[in-house]
Amino acid sequence: MFPEVDASPLLQHLNPEQRAAVTLPNEHALILAGAGSGKTRVLTTRIAWLMTTGQVSPGGVMAVTFTNKAAKEMMTRLGTMLPVNVRGMWIGTFHGLCNRFLRAHYKLANLPQSFQILDTQDQLSAIKRLMKQFNIDEERFPAKETQWFIAGCKEDGLRPQAVTARNEEDRRKVEIYQLYEEQCQREGVVDFGELMLRSYELLRDNDPIRQHYQRRFRHILIDEFQDTNRLQYAWIKIFAVNPDGSPGAGNSVFAVGDDDQSIYAFRGARVGNMADFVREFDVRHQIKLEQNYRSYSNILDSANALISHNKGRLGKNLRTDQGPGEPVRVYESPTDLAEAQWLVEEMRHLVRDQGTEPGLRRSEIAVLYRSNAQSRVIETALFNAGVPYRVYGGLRFFERAEIKHALAYLRLLENPNDDTSFLRVVNFPPRGIGARSIEQLQDAARAAGCSLHDAVSATTGKAGANLGAFVARIDVLREQTLNLSLREIIELVLQHSGLVEHYRSEREGAERIENLEELASAAESFVMQEGFGRDAVALPVDELSQSPASQGLDPNQPLLNEPAPDYVAPDAETGETLSPLAAFLTHAALESGDNQAQAGQDAVQLMTVHSAKGLEFDAVFVTGLEEGLFPSERSMSDHEGLEEERRLMYVAITRARKRLYLSYSQTRLLHGQTRYNVRSRFFDELPEGALKWLTPKNQNFGGSAFGFGTGYASTRAGSGGGSWSRDSRDNRDTFASPPVPVQKAAPSHGLKSGMQVFHTKFGEGTVLSIEGQGDDARAQVKFGRHGVKWLALAVAKLTPVP
DNA sequence: CGAGTAGTGTAGATA
DNA sequence: ACACTACTCG
């Protein structure tokens with residue numbers, strides 16, 4: 001175990017509540033962390049404190065978040081507190097950790113080691129393809145609905161057999177679900193829900209595995225607990241409680257959340273999980289973090305007053321030591337356009353020095369709105385005024401069509417049976433393979449029970465020739481890329497797929513080509529950062545009962561850790577591991593890239609309230625506060641919906657540090673019609689004393705009572721791209737980070753490419769290439785019967801053949 | 001095969 | 001109003 005180390009410096013800058021949370025005993029705990037109360041700080045300090053006081057080794061911690069961004073932040077902060085290799089720790093998103101777990105136990109999970117992950121788009125096209133194949137009426141069963149149904153079932157932990165169908169329609173849906181599962185299994189792909197469900201089932205049904213992880217993870221920490229869905233809750237629970245309800249190995253779950261910031265019920269989040277957690281885990285430690293370090297009290301008072309209108313809260317009241325600050329300013333405008341113009345004007349004042357106060361940076365000003373459509377008029381106003389701005393949202397890097405196309409080619413190299421990818425690019429760029437050829441091919445594949453790729457050889461005629469040429473091209477590429485680096489593979493694929501050439505002739509192709517080039521760079525920095533280590537979790541089952549290796553701690557030395565992290569868990573028996581390509585494809589699916597605004601330019605930030613969650617700004621404008629918009633029309637019918645809207649408003653308000661502006665417009669152009677709106681009911685729930693009305697607080701007139709002419713034309717500036725409008729380069733620097741230097745070390749394995757080697761299971765083979773060093777070194781070996789394999793040299797027993 | 005067009009829907013969005 | 005999808009016609 002770790003010797004005790006003085007942990008007090010860690011606690012120095014914490015307030016009493018935070019300190020109490022950080023130093024709780026090893027038992028389940030719920031931390032109610034209000035907005036701006038230092039939640040992330042508590043989480044990371046808790047981990048650091050547990051380790052420095054010798055209560056847990058780095059390998060004994062699991063910390064779960066929802067977003068990659070949050071996981072990264074946690075690792076970065078932890079890294080600054082302790083000399084520990086955070087990358088090797090089990091800190092990540094639910095799906096990232098599930099992926100790691102399934103790679104390590106792919107055999108038990110009944111998956112191929114290099115299974116690929118379907119994102120939402122991929123899943124939808126897989127479903128469409130399936131429905132077409134089985135002649136399912138898309139009128140009666142829209143693909144999107146089916147997708148929603150399947151994802152929903154998985155989130156509730158239900159396999160097709162377990163779903164109770166109440167009517168014929170449901171029965172049919174369940175059938176489709178069943179077929180979809182079979183298709184995924186056949187093709188070796190999993191969707192996001194499957195990552196969670198399959199790892200949950202493995203933990204539930206395999207006693208040795210469950211016991212191993214229950215003993216291993218002494219401390220489990222969860223961020224944003226209010227956003228967990230049923231399955232995620234069950235997944236957490238299985239680490240602490242056995243399926244029969246008996247207690248597990250006595251680990252502790254440290255859940256941090258804020259029921260007042262629960263805004264994702266629409267995608268399956270259950271705030272109720274917080275109360276369930278307290279009950280089912282017999283939680284005896286609940287701590288509220290109510291001290292806010294972000295905002296002045298006028299802002300906090302508004303937030304507190306608003307949220308107090310919700311029923312059934314766990315109960316929290318934010319407080320601050322800062323003074324009242326500026327009042328919350330409220331503005332009413334006749335039109336949405338006028339609202340936007342006012343906002344631009346107000347911003348100018350904020351940016352310019354005003355009296356004694358220094359001006360704000362534009363990036364410290366945010367404009368929030370309920371729905372994306374509202375950004376347009378604001379963008380126009382900003383554009384016309386020449387104010388740089390940045391819009392969050394939209395397509396992310398790995399979701400762009402050209403990137404998806406390139407990835408599809410790459411997936412086909414890795415797995416020719418990936419029919420989704422096959423169909424995506426079989427005729428892109430166009431190569432004379434039309435719908436009819438593809439239909440024939442699909443029929444042939446179904447008849448033969450094989451993949452589209454394998455069915456090509458059976459086709460004949462002109463269509464067959466084109467298809468044959470396509471498959472040959474892919475197969476040749478696969479051969480050619482065998483011993484190339486990931487970057488070289490991608491470059492070769494970009495050339496030989498014809499993608500680059502195709503986009504060269506397209507109108508807006510230049511940007512797409514740039515993105516494709518960016519993909520190659522992204523791959524390169526991925527290889528550097530990942531280092532391709534192995535993960536010690538892949539223990540043979542008979543070793544599972546042993547506790548994780550404990551290591552000594554010298555405060556001056558980095559904490560020893562399990563060898564590096566993600567994606568690659570070599571098979572315990574053969575040492576077989578993922579190819580860099582397969583690992584990169586996984587990375588692309590799990591991290592579709594940030595939506596972060598470009599760091600370089602000082603620009604005003606535009607985003608929905610949802611995407612503002614977790615962020616903070618000096619000045620915040622919450623716009624479009626009108627009945628029907630915010631709260632939104634569709635939420636207003638039921639109580640639950642309205643309460644979620646209120647929480648959303650609460651999130652919006654608590655983003656502001658110094659200045660908060662609330663605005664609404666009497667009329668608004670929506671769906672091509674001018675709508676007459678009433679100001680939001682939320683204004684009536686704010687404390688009058690904290691507000692300052694910039695326009696007289698007049699009565700509102702009921703919506704359609706005004707049902708006449710529009711009067712306000714929407715003057716839109718020439719759309720085209722100003723230098724700071726939305727552009728596709730938003731994500732650029734995320735992927736172009738400078739390469740991490742690789743330390744040179746003498747190889748200890750003594751292998752070189754070209755060498756003949758012998759493997760106990762795969763027999764004799766030729767080394768094609770070697771990557772990484774030390775424990776992370778991996779070799780690509782071509783075997784006679786077993787084909788090309790990637791082997792982790794620390795695990796695989798390879799002997800040179802003379 | 002691909003361009004033009006008719007039809008449809010329109011909240012929020014992580015992995 | 002507008003964007004996206006699906007379908008028709010050359």
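Protein chains get the first letters and strands the later ones, always in sequence-line order, with residue 1 at the start of each.
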Could you work out the separation of [N] and [M] based on their [atom1] atoms and round it to a whole Å?
N: C/dT5; M: B/dG12; atom1: P; answer: 16 Å
N: C/dC4; M: B/dA13; atom1: P; answer: 15 Å
N: B/dA11; M: C/dA6; atom1: C1'; answer: 24 Å

Whole angstroms only, please: what is the [atom1]-[atom2] distance between [X] and [N]?
X: A/Phe630; N: B/dA11; atom1: CZ; atom2: C1'; result: 11 Å
X: A/Glu645; N: B/dA11; atom1: CD; atom2: P; result: 12 Å
X: A/Arg668; N: B/dT10; atom1: CZ; atom2: C1'; result: 15 Å
X: A/Gln147; N: B/dT14; atom1: CD; atom2: C1'; result: 14 Å
X: A/Lys132; N: C/dC7; atom1: NZ; atom2: P; result: 8 Å
X: A/Arg270; N: B/dT14; atom1: CZ; atom2: P; result: 23 Å
X: A/Gln673; N: B/dT10; atom1: CD; atom2: C1'; result: 12 Å
X: A/Ile438; N: B/dG2; atom1: CD1; atom2: P; result: 11 Å

Is it the case that the side chain of A/Gln123 and the backbone of A/Gln147 share a donor-acceptor pair, with hydrogens and angles ignored and the cut-off at 3.5 Å?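 Not confirmed, A/Gln123 side chain does not pair with A/Gln147 backbone.
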Side-chain (A/Glu644) to main-chain (A/Gly641) donor-acceptor, under 3.5 angstrom: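 Pair absent, no side-chain N/O of A/Glu644 close to backbone of A/Gly641.
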Establish whether the base of B/dA13 is bridged to the side chain of A/Thr608 by a donor-acceptor pair shorter than 3.5 Å.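 In this structure, the two groups form no donor-acceptor pair.
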Taking N and O atoms by type only, does the side chain of A/Arg267 place a donor or acceptor under 3.5 Å from a partner on the base of B/dA13?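 No pair found.
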If only side-chain N and O atoms of [X] are considered, is one of them under 4.0 Å from the OP1 or OP2 phosphate oxygen of [N]?
X: A/Asn372; N: B/dA11; answer: no
X: A/Asn68; N: B/dA15; answer: yes
X: A/Arg376; N: C/dA3; answer: yes

Considering only side-chain heavy atoms of [X], which listed nucleotide, [options], is closest?
X: A/His671; options: B/dT14, B/dT10, B/dG12; answer: B/dT10
X: A/Asn427; options: B/dG12, B/dT14, B/dG2; answer: B/dG2
X: A/Tyr264; options: B/dG12, B/dA15, B/dA13; answer: B/dA13
X: A/Ser635; options: B/dA11, B/dT14, B/dG2; answer: B/dA11
X: A/Ser632; options: B/dG12, B/dT14, B/dA11; answer: B/dA11
X: A/Leu590; options: B/dA13, B/dA11, B/dA15; answer: B/dA15
X: A/Lys128; options: C/dA6, B/dG2, B/dA15; answer: C/dA6
X: A/His610; options: B/dA13, B/dA11, B/dA15; answer: B/dA13

Give a yes or no on whether a salt bridge exists between A/Arg77 and A/Glu73, defined as a side-chain N under 4.0 angstrom from a carboxylate O.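 The answer is yes: the pair qualifies as a salt bridge.
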Report the residue from A/Arg370, A/Arg679, A/Arg668 that forms a salt bridge (charged side-chain N to carboxylate O under 4.0 Å, His left out) with A/Glu626.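 Looking at A/Arg370, A/Arg679, A/Arg668, the match for A/Glu626 under the salt bridge (charged side-chain N to carboxylate O under 4.0 Å, His left out) is A/Arg668.
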Does A/Arg103 make a cation-pi contact with A/Phe115 (under 6.0 Å, within 45 degrees of the axis)?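 Relative to the ring axis of A/Phe115, which defines the angle, A/Arg103 lies inside both limits.
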Would you mind telling me which residue lines up with the more 5' stretch of DNA chain B, A/Phe266 or A/Arg431, judged by nearest nucleotide?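 Checking each residue's closest nucleotide, the 5'-ward one belongs to A/Arg431.
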Considering heavy-atom distances to DNA chain B, does A/Ser611 or A/Ala435 have its closest nucleotide positioned more toward the 5' end?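 The answer here is A/Ala435.
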Before giving the answer on ring-ring contact (aromatic ring centres under 6.0 Å, His included), spell out for A/Phe682 and A/His309 the whole-Å C-alpha distance, their side-chain angles and the decisive distance to 0.1 Å. CA-CA 10 Å; A/Phe682 295 146; A/His309 286 83; 9.1 Å; no
Using only heavy-atom distances, determine whether the side chains of A/Glu181 and A/Gln183 contain a donor-acceptor pair under 3.5 Å.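 A/Glu181 vs A/Gln183: no donor-acceptor pair found between side chains.
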So which of residues 188-202 of chain A are in contact with DNA chain B, with a heavy-atom cut-off of under 4.0 Å?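 Under 4.0 Å from DNA chain B: A/Phe192.
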In terms of relative ring orientation, are A/Phe277 and A/Phe225 parallel, tilted or perpendicular, with 30° and 60° separating the classes?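 Geometry flag for A/Phe225 against A/Phe277: tilted rings.
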Counting any heavy atom closer than 4.0 Å, what does A/Asp119 reach on the DNA or RNA strands: base, sugar-phosphate only, or nothing?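 Touches nothing.
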For B/dG9, what is the paired nucleotide under Watson-Crick or G-U wobble rules, both distances under 3.5 Å?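 Its partner is C/dC2.
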A/Phe428 and A/His502: CA distance, side-chain angles, deciding distance, side-chain contact (heavy atoms from CB on, under 4.5 Å) verdict: CA-CA 9 Å; A/Phe428 193 92; A/His502 175 260; 3.4 Å; yes
